[in-house]
Amino acid sequence: MSLSAHPSPAATLLSARSARLFPSAPLAVLGHDVQVPLASGEKVGYAALDYAASAPALQRVWDDVAAYAPYYGSVHRGAGYLSQLSTDLFEQSRRTVAEFLDLREGDQVVFTRATTDSLNLLAAAVPAGTRVFAFETEHHASLLPWAHAGLEVSYLRAPRSRAEAVAALEAALAGAPEGPKLLCVTGASNVTGELWPVAELTATAHRHGARVVLDAAQLAPHHRVSVRELDVDWIAFSGHKLYAPFGAGVLAGRADWLDAAEPYLAGGGATRTVARELDGSVAVQWHTGPARHEAGSPNVIGAYAIASACRALTEAGFDALEARERRLVERLTAGLAEIPQVKVLNLFGEGSARVGVLSFVVRDWNSSHFSAALSAEYGIGVRDGLFCAHPLVRTLLGEESGVAPGPVSECGAPEPSLPGERSLNAIRVSFGAGTPDEHIERFLTAVRELVTDGAAWNYRNEGGRCVADSRR
């Protein structure tokens, strides 16, 4: 296909005139003005539609961190001014997160590296003999830590409605043996974006004496989350999905299991006293509270970045942010519904409430090829693969396409395949409070044109990635 027959719609859509037609994003993010090269050599503004993997940092977060950076110091026990200032900032960040999550009195906030780290920490703290219940639809971060920690796990089949999820948990808990029990459930799917009935599942779990940990990695950036109202026992989320990508996360909730467990890591900061015994051994008294599981020098900047993001989202107002996101979700789903070749993946059915996360497949397209064309020809960044939720995506794609499950590489990226080859992977588009309306419109235009006209470039496999090779 010649250039004249297939002009770059990205360049057209990004003209100053076109940009004025669409409202801007409610929150400013870094990278909103980054220019990226197309296969043609043109440069266009990057449309970041991969928020579910890592959201761009808020400008507010970056500014707060930059203002603090000259005053950076090691926290706790330091006599110097910068150390004391950093300690106060770190502990105030803990209080800010507690307020953001609407924690109960007595709940604690532990800073971790990410959601995966948070849930592995909790898995290490769960009392021996606890049986864990998890739907097979969970992200690997909330699906895998329990068995890895040596706990008994009951994996529940993918429900096809919210009511079915509650009924499945009810039946599983009713038939469970005596002893401590824990349910791990997501708040919003990282594949379909669909909202889970967390309050109903928690009420069911508590009736049977089970505790609940909520994976809020995809929920917290999009919706107000109240631990008090949902009544979950713990909540975990990552800063890098909450517009604060500085390598920190949170595990917050009840203190008893955490205080009774061995420290997650052994080292300085987690210890109250360490002394040599007469027999040559070392006796250790460990802290209780968050310090027990925060050994080593903590990520002060990461914690402060999370707190800054929490403040920014709270001040922006979740009611307004959620209303805008619902409008964009409706626009996105309606636009894709107009393209017969596109099949949106749903667990609970069409029209189910979701955050700004949506996955789909395109008839007669390899998903990696399609995603590569979105990037190389339109400057749009999405994700393809199984999204670290292999059982769920395999279930959804197996049902929709009849394609037999094939091998995948790390974290769901498909094994090398050529354009046109069918593979068991999907395309995910995700957005948030930093996404301007124009990016959604450009994405829909790109999908329509690729489906109608095909790619303007030939693509080859290069190290497992589909890359533009030559113009058609």
Side-chain angles (χ1 to χ4, degrees), residues 107-108 110 112-159 162 164-191 196-219 225 227 230-238 249-264 293 347 388-392 394-395:
D107 284 350
Q108 60 183 226
V110 179
T112 66
R113 292 179 295 176
T115 307
T116 301
D117 196 38
S118 296
L119 294 172
N120 275 271
L121 189 165
L122 184 61
V126 168
T130 298
R131 178 173 288 273
V132 179
F133 296 82
F135 289 92
E136 66 178 1
T137 49
E138 293 291 312
H139 186 281
H140 294 171
S142 49
L143 186 73
L144 303 180
W146 321 107
H148 187 70
L151 299 166
E152 293 291 327
V153 185
S154 293
Y155 296 106
L156 308 181
R157 300 284 295 181
R162 293 179 177 83
E164 186 179 322
V166 176
L169 179 64
E170 175 76 41
L173 291 173
E178 292 296 320
K181 296 178 280 290
L182 175 69
L183 167 67
C184 181
V185 65
T186 189
S189 170
N190 79 300
V191 175
W196 277 65
V198 176
E200 294 88 340
L201 289 167
T202 299
T204 300
H206 286 173
R207 279 200 309 273
H208 291 275
R211 296 192 179 193
V212 179
V213 57
L214 173 64
D215 175 355
Q218 299 297 340
L219 184 65
V225 177
V227 167
L230 293 174
D231 201 26
V232 295
D233 299 276
W234 294 278
I235 184 170
F237 69 89
S238 297
V250 167
L251 175 67
R254 302 195 182 279
D256 55 350
W257 282 9
L258 296 176
D259 282 345
E262 289 295 307
Y264 184 48
H293 299 290
L347 190 61
C388 290
H390 294 190
L392 171 57
R394 286 171 180 269
T395 294

Side chains of [X] and [Y], heavy atoms from C-beta outward: is any pair under 4.5 Å?
X	Y	answer
Arg162	Glu200	no
Val185	Phe133	no
Arg211	Arg254	yes
Ser118	His293	no
Val110	Tyr264	no
Asp231	His206	yes
Val213	Ile235	no
Trp196	Phe135	yes

What heavy-atom pair brings [X] and [Y] nearest, and what distance separates the two atoms?
X	Y	value
Pro159	Thr137	CD-CG2, 4.4 Å
Ala123	Pro145	CB-O, 3.7 Å
Leu119	Ala236	CD2-CB, 4.0 Å
Ala188	Gln218	O-CB, 3.4 Å

Subject >> Modelled atom types, side-chain donor and acceptor of Asn120 and His148, under 3.5 Å >> reply: no
Original post:
Asp215 and His139: side-chain donor and acceptor closer than 3.5 Å?
Top reply: no
Which pairs would a plain distance check flag for residues 176-183, meaning a side-chain donor or acceptor within less than 3.5 Å of a matching protein atom at least two apart in sequence or in another chain?
from: Lys181; atom 1: NZ; to: Gly179; atom 2: O; distance (Å): 3.1

Could you check whether any side-chain N or O of [X] sits under 3.5 Å from a backbone N or O of [Y], counting only pairs where one atom can act as donor and the other as acceptor?
X	Y	answer
Thr115	Ser238	yes
Thr204	Glu170	no
Glu136	Ala158	yes

[atom1] of [X] to [atom2] of [Y]: how many Å apart, nearest 0.5 Å?
X	Y	atom1	atom2	value
Glu164	Leu169	CD	CG	12.5 Å
Thr395	His390	OG1	NE2	12.5 Å
Leu143	Thr186	CG	OG1	11.5 Å
Ser142	Leu122	OG	CG	11.5 Å
Leu121	Leu258	CG	CG	6.5 Å
Leu219	Ser189	CG	OG	11.5 Å

Original post:
Given the rule in the side chain to side chain contact (heavy atoms under 4.5 Å, CB included) test, do Trp234 and Leu214 qualify, once you have shown the distances and angles that lead to the verdict?
Top reply: CA-CA 6 Å; Trp234 294 278; Leu214 173 64; over 6 Å; no
Original post:
More than 12 foreign heavy atoms under 6.0 Å from CZ of Arg207: is that the case here?
Top reply: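 Yes, CZ of Arg207 has more than 12 neighbouring heavy atoms, counting only those of other groups under 6.0 Å.
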